[in-house]
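Structure record follows, encoded as structure tokens.
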Amino acid sequence: MNEIEKQLAVIRQGVTEIIPETEFREKLKRSLSKNQPLRIKYGIDPTAPELHLGHSVPIRKLRDFQNLGHRVIFLVGDFTALIGDPTGRIETRPILSPEEIKQNLQTYQEQASKLLDLEKTEFVLNSTWLEKLNFKDVIKLTSSFTVAQILERDDFSQRYRNGNPISLQEFLYPLLQGYDSVALKSDVEIGATEQKFNLLAGRTLQEAFGMEKQVVITVPILEGTDGIRKMSKTYGNYIPVTATAGDMFGKIMSIPDNLMERYFRCLTSVPEEGIKEILSGHPKEAKEQLAFEITSFYHGKDSGRLAQSEFNRIFSQKNDPTEVTEWSYHAADKLQQIIHTLALNSLIPSISEGKRLLKNGGIKVNGAKVIDGEFILEPPNSYTIKVGKLLFLKLVYKQKP
RNA sequence: GGGUAGGUGGCGGAGCGGCCAAUCGCACCAGACUGUAAAUCUGGCGACCGGAAGGUCUUCGGAGGUUCAAAUCCUCCCCUGCCCA
């Protein structure tokens, strides 16, 4: 197998589409013969500066490109964030200050460092060039598209059919994203399948600007922990790449069984045959394996193993975790009532919520459910408390300073 | 600009003067069960006081008004869909 085919095989793995593959092959060929790395673009909306496993799918692909010697351009869409991606109309986005942007950029770099080789990664902000466009330029961009084309985009047509509003500025989003590709002279752009239209807009505009068109690579959209909707912070079904080992492990254990295969494919390097074999075994063990693989990828094998044993300790054997956070309580009026103490420390959202929890048997003190009424903390005793499924803490008496 | 239908809790969507803190579904939380924080079943799901019974406060686009009483009626305003221009 020659080098081109070898690279192609690596890139093809796990992707949905390469549009068009022939052009991609040509680009690879040229890159190899001229010893000139391809410019691989990946863009992200900085409104929620938290990368999660859903983002990791395309980013892992970027890593493949880096390993093959290509150049990765990680674009933070600070300017386009002002418009908002049309997928889901929310209220006007707050305008980020330069400081906030700078800060966000840094957090991206930190998070991306878990997945990418930062030495080989270029971080860019699209405000750099989009801010300079004048109205004439914008009109030029719009002339490359017709309303019908834009409206054809799935989420637009759906919203239009359902009688949901579409604001005019949203029409501009794909154009701006496409112009990013012009400004960056990208050879390849990677995104999830839902981004296909936006990614293709880059091709249209590059052509309009007399450039060679980028190749579009789409990767699957990862379902979130609910197993239904795509992983997203807004749906609250996401697993951040910065999650602690324990948290990450537990969240993965909570995915529905039928999602395991997908997660193995998109989020681990376990080869195809390995996945088959694991999935043919006991589902609980398969899921533990999955959780271990992913957790270890981000936290190292030792932490992965620890997370696994803690998980079994807490949820299978129903023991307390080996380490419990300590909180102090004082002897003052209502503070001695357990619910008030918890509420005061923001460990439960409200007193009403705490009472509900208590009524449902969701509060345990020293291993026993608190059944009737308020539990009174008696100084100077210490208590091991479990609130709900996940919160363990030790309340220690402390005299008021 | 004209016509018309709407704006209700995280979302979808009932209610259309008192019994509404607001049916129901999804989501979420807890308990039971289990192979897991899966699935399933049960309960809960504005805040505050109370052990409880119960009470108080703030909510149905916004501002006023009518009424003993409004998410429900009236006035003005804001926002959105659709049709026509």
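The chains referred to below are lettered A, B, ... by the order of the sequence lines, with proteins before strands, and numbering in each begins at 1. Excluded from the calculations below are hydrogen atoms, water molecules and symmetry mates; all remaining heavy atoms, backbone and side chain alike, are included.
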The answer to which of Lys287(A) and Leu357(A) contacts RNA chain B further toward the 5' end, by nearest nucleotide, is Leu357(A)

Which residues share a side-chain contact (heavy atoms from CB on, under 4.5 Å) with Thr244(A), sequence neighbours left out: Asp247(A)

Filter on side chain to side chain donor-acceptor pair (under 3.5 Å), then keep only pairs touching residues 348-370 of chain A, sequence neighbours left out; what's left? Glu353(A)-Arg356(A)

OP1, OP2 of U36(B) versus side-chain N and O of Ser254(A): anything below 4.0 Å? no

Is there any side chain to side chain donor-acceptor pair (under 3.5 Å) pair reaching into residues 315-327 of chain A, and which pairs are they, with sequence neighbours excluded? Glu310(A)-Thr322(A), Asn312(A)-Ser316(A)

Complementary nucleotide for U56(B) - Watson-Crick or wobble, under 3.5 Å: A47(B)

Using a 4.0 Å heavy-atom cut-off, does Lys364(A) contact any base of the nucleic acid, only the sugar-phosphate backbone, or nothing at all? nothing

Short side-chain N/O contact from His282(A) to OP1 or OP2 of U36(B), under 4.0 Å: no

Partners of Ser157(A) by side-chain contact (heavy atoms from CB on, under 4.5 Å), sequence neighbours excluded? Asp154(A), Arg161(A)

Respond yes when some side-chain nitrogen or oxygen of Lys318(A) is under 4.0 Å from OP1 or OP2 of U34(B), and no when none is. no

Could you identify which residues of residues 294-316 of chain A place a heavy atom less than 4.0 Å from some atom of RNA chain B, listed by residue number, or say none? Phe311(A), Phe315(A), Ser316(A)

By nearest-heavy-atom nucleotide on RNA chain B, the more 5' of Ser350(A) and Lys389(A) is Lys389(A)

Considering every strand and a 4.0 Å limit on heavy-atom distances, what is the contact class for Leu259(A): base, sugar-phosphate, or nothing? nothing

Mind checking if Gly246(A) touches a base, just sugar-phosphate, or nothing, with heavy atoms under 4.0 Å? base

Measuring to OP1 and OP2 of A37(B), would you say a side-chain N or O of Thr225(A) lies under 4.0 angstrom away? no

Can you list, pair by pair, the side-chain donor-acceptor contacts under 3.5 Å of residues 211-220 of chain A, counting residues two or more places apart and other chains?
unit_1	atom_1	unit_2	atom_2	d
Glu212(A)	OE1	Arg30(A)	NH1	3.1
Glu212(A)	OE2	Lys27(A)	NZ	2.7
Glu212(A)	OE2	Arg30(A)	NH2	3.3
Gln214(A)	OE1	Ser181(A)	OG	2.9
Gln214(A)	OE1	Ser186(A)	OG	2.8
Gln214(A)	NE2	Ser181(A)	OG	3.4
Gln214(A)	NE2	Glu189(A)	OE1	3.1
Gln214(A)	NE2	Leu199(A)	O	3.0
Thr218(A)	OG1	Glu17(A)	N	3.3

Between Lys185(A) and Phe209(A), is NZ or CZ placed under 6.0 angstrom from the six-membered ring centre and within 45° of the ring axis? no

